[in-house]
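Below, chain A is the first sequence line, B the second, and so on; all start at residue 1. As the structure is a computational prediction, the values presented were derived from the model and not from experiment.
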2 protein chains.
Amino acid sequence: MSSFDLDAFLPYRLSVTSNLVSRLFARRYAEEFGLTIAEWRVMAVVGADGTASAVAVRARTGMDKAKVSRAVAGLLARRLVKRVAHRGDRRVEPLALTPTGRATFDAIVPRARALEAELAAGLPPGQHAALEAALRFIATRAAALGAEPEGGPD
Amino acid sequence: MSSFDLDAFLPYRLSVTSNLVSRLFARRYAEEFGLTIAEWRVMAVVGADGTASAVAVRARTGMDKAKVSRAVAGLLARRLVKRVAHRGDRRVEPLALTPTGRATFDAIVPRARALEAELAAGLPPGQHAALEAALRFIATRAAALGAEPEGGPD
DNA sequence: GCAAATTGGTTTCAGATGAAACCAATGTCA
DNA sequence: TGACATTGGTTTCATCTGAAACCAATTTGC
C-alpha cells in the first residue's frame, strides 16, 4: 500500500491550478471582449511587438501552428488584426493590430492586470515574483527533460 | 502603446509551464505504463484511498464526470481496476485496484516521484514547498473568484 | 406511499485540438 | 540552373473534450 498523496504532487497541482486560472480568464475575455485565450495571446504578442508573424507568435506562446492559424483567422474576420506585407519574403505574413484592435488591446491590458492582481492578492510580498521564477525554472527543466512544446519539432 | 509583457503574466506562465509538464508526464505514463493522465489520476485516487467512487475521484481531481467515466472504462477494460458493490446504495459503484492494478500502481509511484524530483532538482531548497503552497493559494483564490472546476456545478 | 427533485454515472453531440498532409515561396548546393 | 530540402502557413482527419441529455437508484415532501 505504497501511499501516494496526489494533492502534494507537483504536476497535478500545476495542472489543477492552471486549469482553474485559465477558466477564469477565459470567461472574462469571452464575456468582456469576445475573445478566446488563443486569440488574446495572439493579440498580446502582436500588441507588444507592434508587428509579429505567426512564427513569432508560436515561438513566444508555444501554441501550435494550427491553433495560431485558427486564432489569427478569427481575429482577421473581426478586423482586430490585419496582415501587412513583408517585403522580401512573400511567405511570411506579419500581423499588426488595426485601430479597433489597438483599442481593444488597450482596454484588455488593465483588466487582465487587475484580475492577475486579484489572484495574487494575499500572497506574501516576495512570493509573486518567486512563484513566477519557480514556474519559469520548472518550465525550462521540463523542456530540457524532453517535453516538446505544443506542435513539437515541426 | 500600453506595453504588456506576456512573459511575465501569471496566467500565461502557469499555462505554459503546466502544459509542458503535463506533456512530459503524459509521455512517460503512456510509454512506460500505457496510461493516459486521466487514467493515472483515477488510479492515484483509488490507490491512495483503497476504494473510491467516481464522485470521490471527481471531488479530488476536479476532473469532469465524463472524463472520469471514460478513464474508468479504460481501466476496467484493462482490468487494472474493478467495481466493488456498495451495500446500501446501488447507484454508487466504488472502485478498487485489482492485483494487477496494485502492481502497476506500485511501479508507477516511484517513477512519478523520481520524475517530479528531476523537475524540481536545482530549485533552491525551500522553493519546492513554497511553489506548491503558492499554487494551492492561487487555485483557492481562482475558485473563489468564480472559476468553476471542470464540469461545473452539475 | 408516491410524485417530484436529487444524485451517481453513461452517452450523445457539437466544437476544439494536434498530428500530419499539403501548398506555396525560399534556400541550397552541385 | 535546376533538383531537393526548408520554411511559413492552412487544411484535413481522427481524436478528445465538455455541456447537456439521459437513465437508473434514492431521497424528499406532502
Exercise. Taking NZ from Lys65(A) and P from dT6(D), how many angstroms apart are they, rounded to a whole number?
Worked result: 13 Å
For this session: Check whether the ring centres of Tyr12(A) and Phe25(B) lie less than 6.0 Å apart, and answer yes or no.
Result: no
Problem set entry | side-chain N/O Arg70(B) vs dT10(C) OP1/OP2, d < 4.0 Å | no
Problem set entry | Integer-rounded Å distance: dG15(C) C1' and Lys67(A) NZ | 14 Å
Exercise. Is Thr51(B) close to Leu95(B) at the side-chain level, that is, under 4.5 Å between some pair of heavy atoms?
Worked result: no
For this session: Rounded to the nearest angstrom, tell me the gap between atom CZ in Arg23(A) and atom P in dA19(D).
Result: 6 Å
For this session: Return the nearest nucleotide to the side chain of Ala66(B); candidates are dT17(D), dG9(C), dT11(C).
Result: dT11(C)
Exercise. Which whole-number value in Å describes the distance from Asn19(B) CG to dA16(C) P?
Worked result: 18 Å
Problem set entry | Asp89(A) or Arg91(B), whichever maps to the more 5' nucleotide of DNA chain C | Arg91(B)
Exercise. Is the shortest distance from a Lys or Arg side-chain nitrogen in Asp64(A) or Arg58(A) to a carboxylate oxygen in the other one below 4.0 Å?
Worked result: no
For this session: Mind listing the residues from residues 71-88 of chain A sitting with a heavy atom below 4.0 Å of DNA chain D? Number order is fine.
Result: Arg83(A)
Exercise. Below 4.5 Å, heavy atoms only, C-beta onward: do Leu75(A) and Val46(A) meet side chain to side chain?
Worked result: no
Seminar exercise, completed: Taken to the nearest whole Å, CZ/Arg90(B) to P/dC23(D) is 19 Å
For this session: From the options dA19(C), dG9(C), dG9(D), select the nucleotide whose nearest atom is closest to the side chain of Asp64(A).
Result: dA19(C)
For this session: Give me the ring orientation class for Phe9(A) and Trp40(B): parallel if the planes are under 30° apart, tilted from 30 to 60°, perpendicular past 60°.
Result: perpendicular
For this session: Examine the side chains of Arg41(A) and Ser15(B) and answer whether a donor and an acceptor come within less than 3.5 Å of each other.
Result: yes
